[in-house]
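Take a look at the structure set out below.
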Amino acid sequence: MLFSKRVQEMLPSSTLALVELANKFRERGYDVISLAVGEPDFTTPHHVIDAACRAMYSGKTHYTPPTGIKELKEAIAEKYRNENGVDVTHKNVIVTPAKLAIFISVASFIDPGDEVLIPDPGWVSYREMIHFARGKPVGVRLDESKDYRLDIDDLVNKINFKTKALIINSPSNPTGAILKHEDIKAIRDVVMDFDLVLISDEIYEKIIYEGEHISPGVYDDLMHYTIIVNGFSKSYAMTGWRIGYLIAPNRFIPQLEKVQQHTISCAPSMAQYAALEAIKDHESVRKMVAEFRKRRDFVYEELSKIEGLHVKKPQGTFYIFPKYDYEIKSAMLAEELMRKKQVAITPGSAFGMYGENHFRISFATSLENLKEGIRRLREFLSEI
Ligand code: PMP
């Protein structure tokens with residue numbers, strides 16, 4: 001066979017088939033509503049776009065140092081020091097798209113056969129990246145009855161001599177739950193006792209409605225084991241710019257940097273200048289989050305009224321993840337909903353074994369779309 005085993009075994013994005021089906025309906029003139037999008041529906045703030053244009057017109061269109069331009073690395077370190085209480089400097093930062101930051105982290109630590117603990121339900125790409133490194137993803141259950149908080153007993157039970165790393169994601173895609181201080185403390189004990197690498201995916205950090213975001217990096221001793229991943233995609237509506245970063249202890253940086261050098265070389269130069277402008281902009285984030293909050297309240301209220309659904313109010317992100325009582329697999333439910341009512345949602349099984357009997361709705365779309373989408377969903381559920 002022409003293709004490598006690792007690429008043959010990689011699953012395509014699980015939502016792709018559904019997107020194709022949605023497109024077929026659209027082409028035939030149907031009014032399709034997508035509640036499956038993973039990005040803000042806002043445009044990047046204009047002053048951020050202007051900053052990128054200015055940078056490009058002044059010739060900043062070349063390679064930058066592999067770990068990023070110093071001004072941006074300093075701004076990122078300062079943000080983490082001031083807003084998150086994490087004691088780091090620009091030397092701890094590598095500027096790179098968030099997704100690549102996770103890939104670099106996995107590639108740098110995982111040997112064939114190593115096990116990586118991941119949240120289940122959890123973001124779809126963790127599993128594929130770990131497989132790609134020939135490691136074994138092991139799901140740690142997030143349970144609806146426990147507000148989707150990480151089950152520490154389950155976590156400890158799943159550790160063995162092959163366990164190398166743990167990935168956490170707060171606020172969580174797909175559940176919208178956030179980890180509390182006590183969770184981080186428990187994780188700290190586990191990571192340090194078992195000498196694990198902790199990858200903390202904080203990409204939804206700014207999209208938060210209740211509580212506060214706590215980075216595990218607040219503990220100096222835990223930061224010694226931790227790679228923080230964050231970025232500009234979700235907070236500043238900058239998904240297309242491919243810009244984010246990782247923050248890691250000094251002892252990790254040289255190895256991680258090698259992977260950065262030999263893959264992307266550096267993050268896009270113009271996107272780095274855009275990020276330098278965005279990181280100072282608290283007002284645009286505040287406005288977007290206020291809008292997301294209205295939608296979250298609406299969606300939560302409406303879904304809570306539907307019989308057979310168990311809904312937790314998301315504390316962050318722009319996703320809600322209802323559990324349902326109906327006798328139908330989530331992949332089938334999503335397909336049927338598209339065929340019969342032309343509404344796109346994401347099946348819970350895409351996020352792991354424990355995601356079955358759930359579906360994810362993204363409220364990164366207009367209230368009007370949400371109203372109509374939920375109306376059709378209610379109608380569909382009443383018919384099954
Ligand atoms: N982590 C999570 C949990 C995500 O949902 C996403 C984006 N869907 C990413 C990382 C990747 O972010 P980016 O597009 O900025 O690389």
Side-chain angles (χ1 to χ4, degrees), residues 12-16 19 34-42 44 48 68 72 76 94-107 116 118-130 132 137 139-140 142 148 150 165-179 198-208 213 215 227-247 259-260 263-264 266-268 271-272 274-275 278-279 285 288 292 314-321 346 348 350-352 355 360-365:
S13 165
S14 50
T15 48
L16 219 66
V19 170
S34 178
L35 307 180
V37 282
E39 60 175 339
D41 52 325
F42 308 108
T44 306
V48 173
L72 179 59
I76 290 165
I94 298 180
V95 178
T96 194
K99 203 170 208 168
L100 191 60
I102 299 169
F103 189 85
I104 289 172
S105 308
V106 169
V116 184
I118 56 168
D120 183 352
W123 185 47
V124 293
S125 296
Y126 302 137
R127 251 172 304 140
E128 296 312 318
M129 289 184 194
I130 297 161
F132 200 73
V140 180
L142 307 179
Y148 296 114
L150 206 64
L166 164 66
I167 300 181
I168 56 173
N169 172 218
S170 177
S172 149
N173 175 8
T175 72
I178 58 175
L179 292 171
L198 177 64
I199 300 169
S200 176
D201 180 350
E202 306 181 11
I203 190 93
Y204 293 98
E205 177 205 3
K206 299 265 178 200
I207 304 172
I208 221 162
H213 170 71
S215 173
I227 302 172
I228 294 168
V229 174
N230 204 334
F232 298 86
S233 294
K234 316 284 175 171
S235 313
Y236 302 92
M238 290 177 70
T239 44
W241 297 78
R242 310 312 303 132
I243 188 82
Y245 52 91
L246 63 81
I247 303 179
V259 188
Q260 166 90 348
T263 52
I264 196 174
C266 64
Q272 293 190 50
I279 204 165
V285 180
M288 285 190 254
F292 283 139
Q315 299 156 297
T317 73
F318 36 72
Y319 307 115
I320 190 162
F321 198 59
T346 311
F351 303 99
R360 190 191 73 177
I361 282 182
S362 159
F363 44 89
T365 185

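In listed order, ligands and their atoms are each counted from 1. As the structure is a prediction and not an experimental result, all values here were calculated from the model.
Scanning both residues, R360 and V37, for their nearest heavy atoms gives NH2-O, 4.4 Å.
By the 3.5 Å distance cut-off applied to N or O atoms, K234 is counted among the residues near ligand 1. Not a single N or O atom of Y126, backbone or side chain, sits closer than 3.5 Å to an N or O atom of ligand 1.
When heavy-atom distances to ligand 1 are checked against a 4.0 Å cut-off, L100 has no atom that comes that close, whether in backbone or side chain. The proximity of Y204 to ligand 1, defined as any non-hydrogen pair under 4.0 Å, is limited to the side chain.
Side-chain atoms of Q260 come within 3.5 Å of backbone N or O of V95 as a donor-acceptor pair.
Judged as a ring pair (Phe, Tyr, Trp, His ring centres under 6.0 Å), and not counting sequence neighbours, the contacts of F318 are Y204, F292.
Per-residue contacts place D201 under 4.0 angstrom from the following atoms of ligand 1 (heavy atoms of the residue considered): 1 (N), 2 (C), 3 (C), 10 (C). Those atoms of ligand 1 with a heavy atom of A98 less than 4.0 angstrom away are 12 (O), 13 (P), 15 (O), 16 (O). Within ligand 1, counting atoms from 1 as listed, the ones closer than 4.0 Å to a heavy atom of R242 are 13 (P), 14 (O), 15 (O), 16 (O). The atoms of ligand 1 that sit less than 4.0 Å from any heavy atom of S233 are 13 (P), 14 (O), 15 (O).
Relative ring orientation between W123 and Y126 is described as perpendicular, the plane-to-plane angle rising above 60° on a 0-90° scale split at 30° and 60°.
Interatomic distance, OG1 of T365 versus CG of D41, reported as 5.5 Å (0.5 Å rounding). With rounding to the nearest 0.5 angstrom, the CZ atom of R127 is 11.0 Å from the CD1 atom of I167. Atoms CG and OG, from N230 and S235 in turn, are 6.0 Å apart once rounded to the nearest 0.5 Å.
Ligand 1 is never approached by T239 to a heavy-atom distance shorter than 4.0 Å.
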